[in-house]
Each structure stands twice: as structure tokens, then as C-alpha cells.
A.B. asks: 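Have a look at this one before I ask anything.
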Amino acid sequence: MEKVKYKYLDTKVLQVVETLSVGSAIAKIVGANAAKYDTFDSTVNMWVFEETVNGRKLTEIINTDHENLKYLPGHKLPSNVLAVPDLAESVKGADILIFVVPHQFIVRVCDTIKDHIKKDAVGMSLIKGVDAGPEGLKLISEVIRGKLGITVTVLMGANIANEVAEEKFCETTIGCRDKAFGPMLKELMQTINFRVTVVEESDVVEICGALKNIVAVGAGFCDGLGFGDNTKAAVIRLGLMEMIAFARLFCTNCQVSPATFLESCGIADLITTCYGGRNRKVGEAFAKTGKSIEQLENELLNGQKLQGPATASEVHQILKDKNMVEKFPLFTAVHQICFNGHSVTDFIKCLQNHPEHI
């Protein structure tokens, strides 16, 4: 007889949908906790886009050597994490679906799995981005919910993948409107060195995770131009101002409290991303080399996708439709520099002329 603590779980199978380093880092945590607690089935399926690495299939490497040699080399995954190359097959029977893919691919992923998932499954999105369609702003959790018809929660925080995998202490935030799911998801994700806080302002948590990548690109511009920590502090402060203002404008279905921006998903993730991470790295290289974002992505990211410029473009479209472009000069400058040929030095002008209040 299966041991099921939570009445909304019919089985205990978990599913990690992933292609990125952070997906493997989270799979390491989920695999360890699934093996530790009777709440969950011990086997964790991890969908892996099949690639060849050193003449071997990546799924074979993960299942034999228990290491994602492409995206998280040097870190062992628990032996109960099973790499599955067939996306539709990987989700069958899963009660919890954890989404860790570039936000540009989420629609395709959902279309592939929608006829193969349990209707009462619970989703958790770690995807940092937004979707700007004809209906305006859509959070990625909304896209998943709309495509699959399931409950969707989010996890965002200052969680650089290598540090998580190395089990260095960090915090994270789960945004979960339905209090019933909070204890289960916290048990699934929390370890002694990965502290989880659960809050109900799910939309705000997700907005923070998307917008901080735009700010980090700007921080990278400053690094590439040779400015120091004082300038970067201004980027972080002004970027946070725009993040809060954007959330208040567009998160109309929930309260937007300042306390959420003090969680790991807010100021902590913003600081971490502006000092490390691939958005800052590519922003710096862009300022130094003059190469395109696409070219730098191919050269520097080992097959991973950059979120900051794409999110800046989508946010710009949303602000343009609302006639609010001028109210968000930092977000706008990142978009104009990345895609419209504006000089990277314009970013400093944006800081110098930024309004005191938004």
C-alpha cells in the first residue's frame, strides 16, 4: 500500500521538465528529498533533450554516471533521478510537474504533454520570463495554467545553479496561492542549505524573477563600460524601483506588498544576478565587444538561453501598448540598446536622468 500524506496525491511520482543547469541542480534536491520522505515516490523522472556529448547520449550519461555532463558537470545527481528523452512519456502518472525550460519553449512543451498528464497534477514553474501576446502581459504560470488546466505555483530566488549544486547555503521563495499545497512543496524542495519560504503573492514572486534579468543586463553594461560598485548599486536601486512599479501596475489580482520584494525572489535575487549569472556576463561582453546578443549567447552560454534581453523586449511591447514607456527608462534602455542599435553609453544617461519617483 502506498504511503500518501496528502489527499490530493493519488501516486507519488515526481516529474522534472528540464534542459538547463538549474534544472539539474533542482533535480539533485528533489531526488534527495524524494528518497528521504515517504510522501513521495523515490523515482524522479527528468526529461532531458537528447544530445550527444563525447560520443555518448546525454541521457545515457546521466543514468549511468549520474552526472549532467553538458549543463552541470562535476556534480553527481542522485541515482533515483531517471533521465527520459521522450517528453510525453516522462510526464505520465506524475503528480508534480516542475518546469525548468527557457520561457521561449514553454508553449511547445505544454502542447506536447497536455494529453499525457494527470488532470489534478500540480505544476511548479522555475521559468523566469513573461509572455507578451495580443492580450497583453501573461506570466509563464498563466501560460502553463491555460494550456494544461492545472494548478501552477512558482519558485524564484537567489539560486545560482552551481552554488545550489555545491550545497552552499541559499534561500528561495515559493509563490503559492493555495495554502493547501505549500507544506508539500516546501517539504519537496527544502534542505538544510536550501531554505524555502512560502508566500501567497505568487504573481509578484514571478514578476520579480522575470524583471531582475533585465536589470542584470544593465549591470553588465556598466561592468563592460568600466563603472564601479557605486554605479551598480544605483542600477540595483533604480531597477528595483521599476520592478515594484511594474508589479503594482500589472499584478491586479493580488496585493503587492513591499515585504515580498524583501524575500529571496526580490532584492536577494536581484543582487545576485547583477553580480553573477549569464545576463550580467553577456551584458558586459556586449558593452566590450559590440557583438550581437545572439552571437554572444552562442559563444558564451554553452547551449543555454539568455532571458534578460528577450524579457526586456516583451516588457517594452507591453509598456508601449499602455503608453507607459517613459515611466520605465531603465527597462526601455536595455531594450533599445540590445535591439534598436542605441549606444550602450545611453544606459548611463538613463541612470543620470532617472526620475526620483515612478
Side-chain angles (χ1 to χ4, degrees), residues 20 101-108 127-140 143 207-225 227 231-232 235-236 238-239 241-243 245-246 249-250 270 273-274 277-355 358:
L20 303 174
V101 297
H103 81 274
Q104 299 94 322
F105 302 145
I106 190 59
V107 171
R108 190 189 313 170
I127 300 169
K128 296 179 175 179
V130 293
D131 182 61
E135 300 173 6
L137 171 72
K138 266 196 176 180
L139 301 176
I140 300 304
V143 175
I207 282 285
C208 286
L211 299 183
K212 58 94 182 183
N213 285 327
I214 304 176
V215 184
V217 174
F221 291 162
C222 292
D223 288 341
L225 292 169
F227 289 88
T231 307
K232 189 172 289 188
V235 172
I236 291 171
L238 297 172
M241 278 176 55
E242 293 195 16
M243 288 168 61
F246 190 93
L249 279 172
F250 293 97
L270 180 60
T273 310
C274 286
R278 55 187 180 269
N279 288 283
R280 189 220 61 82
K281 179 180 180 180
V282 172
E284 179 181 17
F286 182 91
K288 285 182 174 179
T289 67
K291 294 179 180 179
S292 70
I293 292 295
E294 184 179 9
Q295 186 176 357
L296 292 169
E297 184 180 69
N298 292 332
E299 290 179 3
L300 300 176
L301 299 187
N302 191 33
Q304 297 186 84
K305 293 295 181 182
L306 198 65
Q307 301 301 314
T311 302
S313 181
E314 288 159 337
V315 164
H316 181 76
Q317 184 59 52
I318 293 163
L319 294 173
K320 188 176 177 182
D321 292 343
K322 298 282 187 181
N323 293 317
M324 292 183 176
V325 168
E326 267 118 48
K327 290 184 178 293
F328 296 85
L330 190 151
F331 291 171
T332 299
V334 171
H335 166 75
Q336 299 285 26
I337 291 165
C338 288
F339 298 109
N340 287 348
H342 287 214
S343 170
V344 72
T345 57
D346 287 353
F347 190 73
I348 300 303
K349 295 176 185 175
C350 140
L351 303 179
Q352 292 167 336
N353 299 309
H354 202 285
I358 300 177

A.B. asks: I'd like to check the side-chain hydrogen bond (donor to acceptor under 3.5 Å, both in side chains) partners of N298; sequence neighbours left out, ordered by chain and number.
C.D. replies: none

A.B. asks: Are the side chains of F347 and L225 in touch, meaning some heavy atoms are under 4.5 Å apart?
C.D. replies: no

A.B. asks: I need the I106 CD1 to I127 CD1 distance, nearest 0.5 Å.
C.D. replies: 3.5 Å

A.B. asks: Can you tell me how far CG of N213 sits from CG of L306, rounded to the nearest 0.5 angstrom?
C.D. replies: 7.5 Å

A.B. asks: Any side-chain heavy atom of K138 sitting closer than 4.5 Å to one from V130?
C.D. replies: no

A.B. asks: Please report the shortest heavy-atom distance between T311 and G129, naming the atom on each side.
C.D. replies: OG1-CA, 3.9 Å

A.B. asks: What pairs of residues pass the salt bridge (charged side-chain N to carboxylate O under 4.0 Å, His left out) test when at least one of them lies in residues 310-320, not counting sequence neighbours?
C.D. replies: none

A.B. asks: Can you confirm whether I207 sits close enough to L137 that some side-chain heavy atom of one is under 4.5 Å from a side-chain heavy atom of the other?
C.D. replies: yes

A.B. asks: Tell me the salt bridge (charged side-chain N to carboxylate O under 4.0 Å, His left out) pairs involving residues 326-341, sequence neighbours left out?
C.D. replies: none

A.B. asks: Determine whether L351 and P329 make a side-chain contact, defined as any pair of heavy atoms from C-beta on separated by less than 4.5 Å.
C.D. replies: no

A.B. asks: How close do L330 and V235 get, counting heavy atoms only, and between which atoms?
C.D. replies: CD1-O, 3.9 Å

A.B. asks: Quick one, V282 and P309 - any side-chain contact, counting heavy atoms below 4.5 Å?
C.D. replies: no

A.B. asks: Do you know which two heavy atoms are closest between V215 and C274, and how far apart they sit?
C.D. replies: CG1-SG, 3.9 Å

A.B. asks: How many angstroms lie between atom CD1 of I214 and atom CG of N279, to the nearest 0.5 angstrom?
C.D. replies: 9.5 Å

A.B. asks: Under the rule for side-chain hydrogen bond (donor to acceptor under 3.5 Å, both in side chains), what residues qualify as partners of K232, not counting sequence neighbours?
C.D. replies: D223

A.B. asks: Any heavy-atom pair between the side chains of L211 and E242 that's under 4.5 Å?
C.D. replies: no

A.B. asks: If you look only at distance, which donor and acceptor atoms sit under 3.5 Å apart when one is on a side chain in residues 333-342 and the other is two or more places apart or in another chain?
C.D. replies:
residue: Q336; atom: OE1; partner: N340; partner atom: ND2; Å: 2.4

A.B. asks: Considering non-hydrogen atoms only, spot the tightest contact between F250 and K322 and give its length.
C.D. replies: CE2-CE, 3.9 Å

A.B. asks: Is there a side chain to side chain contact (heavy atoms under 4.5 Å, CB included) between M241 and H354? Walk through the geometry before answering.
C.D. replies: CA-CA 11 Å; M241 278 176 55; H354 202 285; 4.3 Å; yes

A.B. asks: Which pair of heavy atoms, one from V217 and one from G308, lies closest together, and at what distance?
C.D. replies: CG2-CA, 4.0 Å

A.B. asks: Quick one: side-chain hydrogen bond (donor to acceptor under 3.5 Å, both in side chains) partners of T273, sequence neighbours excluded?
C.D. replies: K212, D269

A.B. asks: Work out which heavy atom in H103 is nearest to a heavy atom in A310; give both atom names and the distance.
C.D. replies: CE1-CB, 4.0 Å

A.B. asks: Quick one: side chain to side chain contact (heavy atoms under 4.5 Å, CB included) partners of L249, sequence neighbours excluded?
C.D. replies: M324, F328

A.B. asks: Does any part of the side chain of F246, heavy atoms only, come nearer than 4.5 Å to the side chain of L319, both counted from C-beta?
C.D. replies: yes

A.B. asks: List for me each residue that meets salt bridge (Lys or Arg N to Asp or Glu O under 4.0 Å) alongside D346, sequence neighbours excluded, and say none if there are none.
C.D. replies: K349

A.B. asks: Please output the side-chain donor-acceptor pairs of residues 283-292 that fall under 3.5 Å, not counting sequence neighbours, one pair per line with the distance.
C.D. replies:
residue: E284; atom: OE1; partner: R280; partner atom: NH1; Å: 2.8
residue: E284; atom: OE1; partner: R280; partner atom: NH2; Å: 3.1
residue: E284; atom: OE2; partner: K288; partner atom: NZ; Å: 3.1
residue: T289; atom: OG1; partner: A285; partner atom: O; Å: 2.7
residue: T289; atom: OG1; partner: K291; partner atom: N; Å: 3.2
residue: K291; atom: NZ; partner: E299; partner atom: OE1; Å: 3.1
residue: K291; atom: NZ; partner: E299; partner atom: OE2; Å: 3.3
residue: S292; atom: OG; partner: Q295; partner atom: N; Å: 3.0

